[in-house]
Amino acid sequence: MGSFFSSNAYAATASGADDSLVLALHSKASWDAQWQAHKDSNKLMVIDFSASWCGPCRFIEPAFKAMASKFTDVVFVKIDVDELQDVSQQWRVEAMPTFVFVKGGKEVSRVVGAKKDELDRKIGTFRA
């Protein structure tokens, strides 16, 4: 069942003109499936909490997608705070964009704001 949601999330994101490796999750069920698949993994997951109306979120989106292509050993997830408010609250997101770094089921760091260089540096640090 988990792979069904995971593959659906990827298919919805990667279809059409957008060939991004970022998993855009639009339902609590797809988030739960993704979380279950990765919470016990030592693989880095970077969660981008953003909103469609957020200017800085739109500004950093191309860089986030480029990082997903560059760091293929990292899982990149995008969550719209308006669609998944409960998930955003669970991760204590108070500003957008917020990037949460998760490894082994625990938050290891976060970046608040459209800080491309800091985001890139932290991915390099925590992916090892």
Side-chain angles (χ1 to χ4, degrees):
M1 189 163 154
S3 63
F4 168 77
F5 287 116
S6 297
S7 63
N8 266 357
Y10 180 79
T13 303
S15 63
D18 184 7
D19 290 331
S20 172
L21 297 176
V22 177
L23 300 173
L25 304 180
H26 300 284
S27 72
K28 179 78 165 71
S30 61
W31 162 252
D32 288 345
Q34 192 64 34
W35 178 249
Q36 288 302 317
H38 290 281
K39 72 176 182 164
D40 296 325
S41 170
N42 213 27
K43 190 173 189 178
L44 179 64
M45 175 190 285
V46 182
I47 310 166
D48 172 10
F49 288 95
S50 61
S52 59
W53 47 264
C54 168
C57 300
R58 290 193 307 269
F59 172 78
I60 195 143
E61 186 173 12
F64 190 67
K65 288 179 178 180
M67 289 176 205
S69 295
K70 177 180 173 184
F71 300 112
T72 57
D73 57 333
V74 176
V75 176
F76 289 81
V77 175
K78 181 176 179 173
I79 292 180
D80 185 308
V81 297
D82 294 321
E83 286 182 357
L84 295 177
Q85 292 178 3
D86 52 343
V87 177
S88 303
Q89 290 171 355
Q90 170 190 347
W91 288 97
R92 301 174 325 279
V93 174
E94 297 177 357
M96 278 75 64
T98 293
F99 300 92
V100 178
F101 297 76
V102 178
K103 205 167 188 181
K106 295 181 174 32
E107 179 177 336
V108 294
S109 190
R110 71 172 52 202
V111 173
V112 178
K115 301 173 185 168
K116 180 183 163 215
D117 293 339
E118 185 179 349
L119 187 59
D120 190 61
R121 186 172 57 255
K122 285 192 176 190
I123 291 169
T125 298
F126 291 108
R127 67 190 270 254

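Separation of atoms OG (Ser50) and CZ (Phe59) is listed at 14.5 Å; rounding is to 0.5 Å. The NZ atom of Lys116 lies 6.0 Å from the CE atom of Met67; values are rounded to the nearest 0.5 Å. One distance of note links CD of Glu118 with OG1 of Thr125; it measures 10.5 Å at 0.5 Å rounding. In this structure, OG1 on Thr72 lies 8.0 Å from CG on Leu21, to the nearest 0.5 angstrom. Atom-to-atom distance recorded for Ile79:CD1 and Trp31:CH2 is 4.5 Å, nearest 0.5 angstrom.
Contact between Glu83 and Leu25 at its shortest, heavy atoms only, is OE1-O, 4.1 Å. The heavy-atom pair separating Met96 from Cys57 by the smallest distance is CB-SG, 3.6 Å. Across Pro97 and Asp48, no two heavy atoms sit closer than the pair CB-OD1, 4.0 Å. Between Val22 and Ala68 the shortest heavy-atom distance is CG2-CB, 3.8 Å. Closest non-hydrogen pair, Gly124 versus Arg127, comes out as O-CG, 3.7 Å. Across Leu119 and Val46, no two heavy atoms sit closer than the pair CD1-CG1, 4.4 Å.
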Exercise. Given side chain to side chain contact (heavy atoms under 4.5 Å, CB included), test Lys70 with Asp120 step by step and report yes or no.
Key: CA-CA 10 Å; Lys70 177 180 173 184; Asp120 190 61; 3.5 Å; yes

Exercise. Before giving the answer on side chain to side chain contact (heavy atoms under 4.5 Å, CB included), spell out for Trp35 and Val77 the whole-Å C-alpha distance, their side-chain angles and the decisive distance to 0.1 Å.
Key: CA-CA 10 Å; Trp35 178 249; Val77 175; over 6 Å; no

Practice problem: Tell me, with the steps shown, if Asp117 and Arg121 meet salt bridge (Lys or Arg N to Asp or Glu O under 4.0 Å). | Solution: CA-CA 6 Å; Asp117 293 339; Arg121 186 172 57 255; over 6 Å; no

Exercise. Check the pair Gln34, Val75 against side chain to side chain contact (heavy atoms under 4.5 Å, CB included), reporting the backbone distance first and the verdict last.
Key: CA-CA 10 Å; Gln34 192 64 34; Val75 176; 3.8 Å; yes

Practice problem: Check step by step if side chain to side chain contact (heavy atoms under 4.5 Å, CB included) holds for Phe49 and Val100. | Solution: CA-CA 8 Å; Phe49 288 95; Val100 178; 3.8 Å; yes

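Both Ile60 and Phe71 belong to a common hydrophobic cluster when Ile, Leu, Val, Met, Phe, Trp and Tyr are linked at side-chain heavy-atom distances under 4.5 angstrom. Val108 and Val74 fall within a single hydrophobic cluster, where Ile, Leu, Val, Met, Phe, Trp and Tyr side chains are chained together by heavy-atom contacts under 4.5 Å. Residues Val112 and Trp53 do not share a hydrophobic cluster, clusters being chains of Ile/Leu/Val/Met/Phe/Trp/Tyr side chains in contact below 4.5 Å.
Within the structure, every pair that satisfies the side-chain hydrogen bond (donor to acceptor under 3.5 Å, both in side chains) test and touches residues 89-109, not counting sequence neighbours, is listed here: Glu107-Arg110, Ser109-Lys122.
Ring planes of Phe99 and Phe64: tilted class, angle from 30 to 60°.
Scanning for salt bridge (charged side-chain N to carboxylate O under 4.0 Å, His left out) contacts around Asp86 gives an empty result, with sequence neighbours left out. Take Phe101 and apply the ring pair (Phe, Tyr, Trp, His ring centres under 6.0 Å) test, not counting sequence neighbours, and it matches no residue.
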